[in-house]
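Structure record follows, encoded as structure tokens.
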There are 2 protein chains.
Amino acid sequence: MFDERKDQIKKAALKLFAEKGLAGTKMSMIAEEAGISQGLTYRYFESKDEIFGILVEEAIEESRNAIRNIGTLPGSPLEQLKAFTLRLLDENHKQYFLLVQQAQTSEVVPSKALEAIERYSPQDTIEQIMPIFVRGQQEGLFAEGNAAKRLIVFLSVLNGLMLQDAKAMGMNWAQDVDLVLNILTK
Amino acid sequence: MFDERKDQIKKAALKLFAEKGLAGTKMSMIAEEAGISQGLTYRYFESKDEIFGILVEEAIEESRNAIRNIGTLPGSPLEQLKAFTLRLLDENHKQYFLLVQQAQTSEVVPSKALEAIERYSPQDTIEQIMPIFVRGQQEGLFAEGNAAKRLIVFLSVLNGLMLQDAKAMGMNWAQDVDLVLNILTK
DNA sequence: GTCTATAGCAGGATAGAC
DNA sequence: GTCTATCCTGCTATAGAC
């Protein structure tokens, strides 16, 4: 089926882009990872840039959803943020997250992907998480003081963890998230 | 002078490699950043890979020094780690750090750079910082429990901060490091 | 020492056979 | 639908003039 092969290629591309960036990923690598010939890729996508652009948009969409859902998770604000953190650290989201990372820091990004990224500022993310954090502060779960600043640090930290984790240090996060949440609770 | 021009090229290359990775950085960009013609670069270096390799080795050397010096800094273990953190976050070290990051995660790295990186495992870093941390624990400055694990998280966090910072969110770290050190002290 | 011009090659994209 | 062969662009690296 057409769409299934498409997904297969996207999956291979996501893995490589997240790891090696746009310029570092060759079409031949994507084809190999997907187990097809190099030329076939072009029956499903117009160009490397197109694949990259689509993935970046999906990643942002995905990330938006994860954040939007925090509020609907069960438990206290602390438990909500913990669940959110664990979700981000799982394999699938991690790749998306790293892709956005690559797109933001690294290299010359195709214009379409660039637009998507510019619409998706870290500021947005912080504003969405803010109410939950503030509620947690009121309940005495989190540290007092400038919430935005603390959340920036917290998100940076998640970034770092995902990158580190990508290098396969083999930590079991389910067990260790609490250390990370210390940033918020102290 | 020959060596000065060489440094000028290395400086330009470091900035770009740290930002865009090896594959994402073109020789033309390096030349432009250094304000010279593209061809001239090859009078000073054999290849792009050579420049990259040299920079990676310097970065690792630099990082080793920073870590080695922690113990000789004045103050309590907490103050020592604070000073170390601030040093890493300053412009120069940040670029080196990001370069190593790029080399570790991203792309196909030339063999010479690869060797250097493999000799420089995160495990090393942790082992070097460990004694200071343990001393801090004994003095009651840091949290009890598994030191290695906490240090991994801590270093991941520094990673994340440098990356985030690279995206110019304009935080004044001198003021905010304490949030980060909470990971160790709680 | 430095620049401009260009050779040579890697990799993105296309054509055509099966 | 898929593969192999090939075109063509863009980049690394070199040659040669000033």
Side-chain angles (χ1 to χ4, degrees), chain A residues 1-57 99 102-103 105-114, chain B residues 1-57 99 102-103 105-114:
Chain A
M1 176 47 177
F2 189 79
D3 281 345
E4 277 163 27
R5 181 119 286 188
K6 238 180 140 159
D7 283 348
Q8 176 190 5
I9 295 168
K10 285 204 305 199
K11 197 180 162 197
L14 173 58
K15 182 182 169 191
L16 291 162
F17 284 142
E19 232 169 68
K20 299 173 193 307
L22 176 60
T25 302
K26 312 303 175 195
M27 285 303 262
S28 56
M29 298 180 190
I30 296 176
E32 195 186 345
E33 176 75 29
I36 60 176
S37 76
Q38 184 258 83
L40 186 56
T41 317
Y42 289 89
R43 297 281 157 193
Y44 294 86
F45 298 94
E46 294 224 322
S47 67
K48 190 165 87 158
D49 283 3
E50 193 206 9
I51 306 179
F52 190 80
I54 290 171
L55 286 173
V56 167
E57 290 192 350
L99 177 76
Q102 291 276 9
T105 59
S106 306
E107 45 214 306
V108 186
V109 172
S111 56
K112 205 188 162 203
L114 195 65
Chain B
M1 178 48 178
F2 188 80
D3 281 346
E4 278 164 26
R5 179 120 289 187
K6 238 180 140 157
D7 283 348
Q8 174 190 6
I9 295 168
K10 285 204 305 200
K11 197 180 161 197
L14 173 58
K15 183 183 168 192
L16 290 163
F17 284 143
E19 233 169 69
K20 301 173 194 303
L22 176 60
T25 301
K26 311 303 175 193
M27 286 301 261
S28 56
M29 298 179 191
I30 296 176
E32 194 186 345
E33 177 75 29
I36 60 176
S37 76
Q38 184 259 86
L40 186 56
T41 318
Y42 288 90
R43 297 281 156 193
Y44 295 86
F45 298 94
E46 294 224 322
S47 65
K48 190 165 87 159
D49 284 2
E50 193 206 8
I51 306 178
F52 191 80
I54 290 170
L55 286 173
V56 167
E57 290 192 349
L99 178 76
Q102 291 276 8
T105 59
S106 307
E107 46 213 307
V108 186
V109 172
S111 57
K112 206 188 162 203
L114 195 66

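The sequence lines fix the lettering, A, B, ..., with proteins before strands; numbering per chain opens at 1.
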### Query
Rounded to whole angstrom units, what separation is found between the CZ atom of Arg43(A) and the P atom of dA13(C)?
14 Å
#### Entry: Residue-level proximity of residues 26-33 of chain A to DNA chain C when a heavy atom falls under 4.0 Å
Lys26(A), Met27(A)
## Note on the structure
CD of Gln102(A) to CD of Glu19(A), rounded to nearest 0.5 Å, is 9.5 Å
### Task
Specify the separation, in whole Å, of atom CG of Leu16(A) and atom P of dG12(C).
12 Å
### Backbone N/O of Ala34(A) and side chain of Gln8(A): donor-acceptor pair under 3.5 Å
yes
### Task
Consider the side chain of Gln38(A), meaning its heavy atoms from C-beta on, and name the nucleotide among dG12(C), dA13(D), dT2(C) that approaches it most closely.
dG12(C)
### Task
Please state how far atom NZ in Lys48(A) lies from atom P in dA10(C), giving the value in whole angstrom units.
16 Å
### Task
Please state how far atom CD1 in Ile9(B) lies from atom C1' in dC3(C), giving the value in whole angstrom units.
14 Å
### Task
Output yes when a side-chain donor or acceptor of Lys26(A) lies under 3.5 Å from a complementary backbone atom of Ala23(A), and no otherwise.
yes
### Message
If I take atom OH in residue Tyr42(B) and atom P in nucleotide dA13(D), what distance separates them, rounded to the nearest angstrom?
### Response
4 Å
### Query
Atom CZ of Phe45(B) and atom C1' of dG1(C): how far apart are they, to the nearest Å?
15 Å
### Query
Between dA13(C), dT2(D), dC3(D), which nucleotide has the shortest distance from any of its atoms to the side chain of Ser47(A)?
dA13(C)
### Query
What distance do Lys48(A) atom NZ and Thr41(A) atom OG1 have between them, rounded to the nearest 0.5 Å?
12.0 Å
### Task
Applying side chain to side chain contact (heavy atoms under 4.5 Å, CB included), name anything that partners Ser47(A), two or more places apart in sequence or on another chain.
Asp49(A), Glu50(A)
### Query
Rounded to whole angstrom units, what separation is found between the CG atom of Asp49(A) and the P atom of dA13(C)?
7 Å
#### Entry: Length of the line joining Leu40(A):CG and dT14(C):P, which is rounded to integer Å
14 Å
### Task
Nearest 0.5 Å please: distance from the CG atom of Asp7(A) over to the CE atom of Met1(A).
10.0 Å
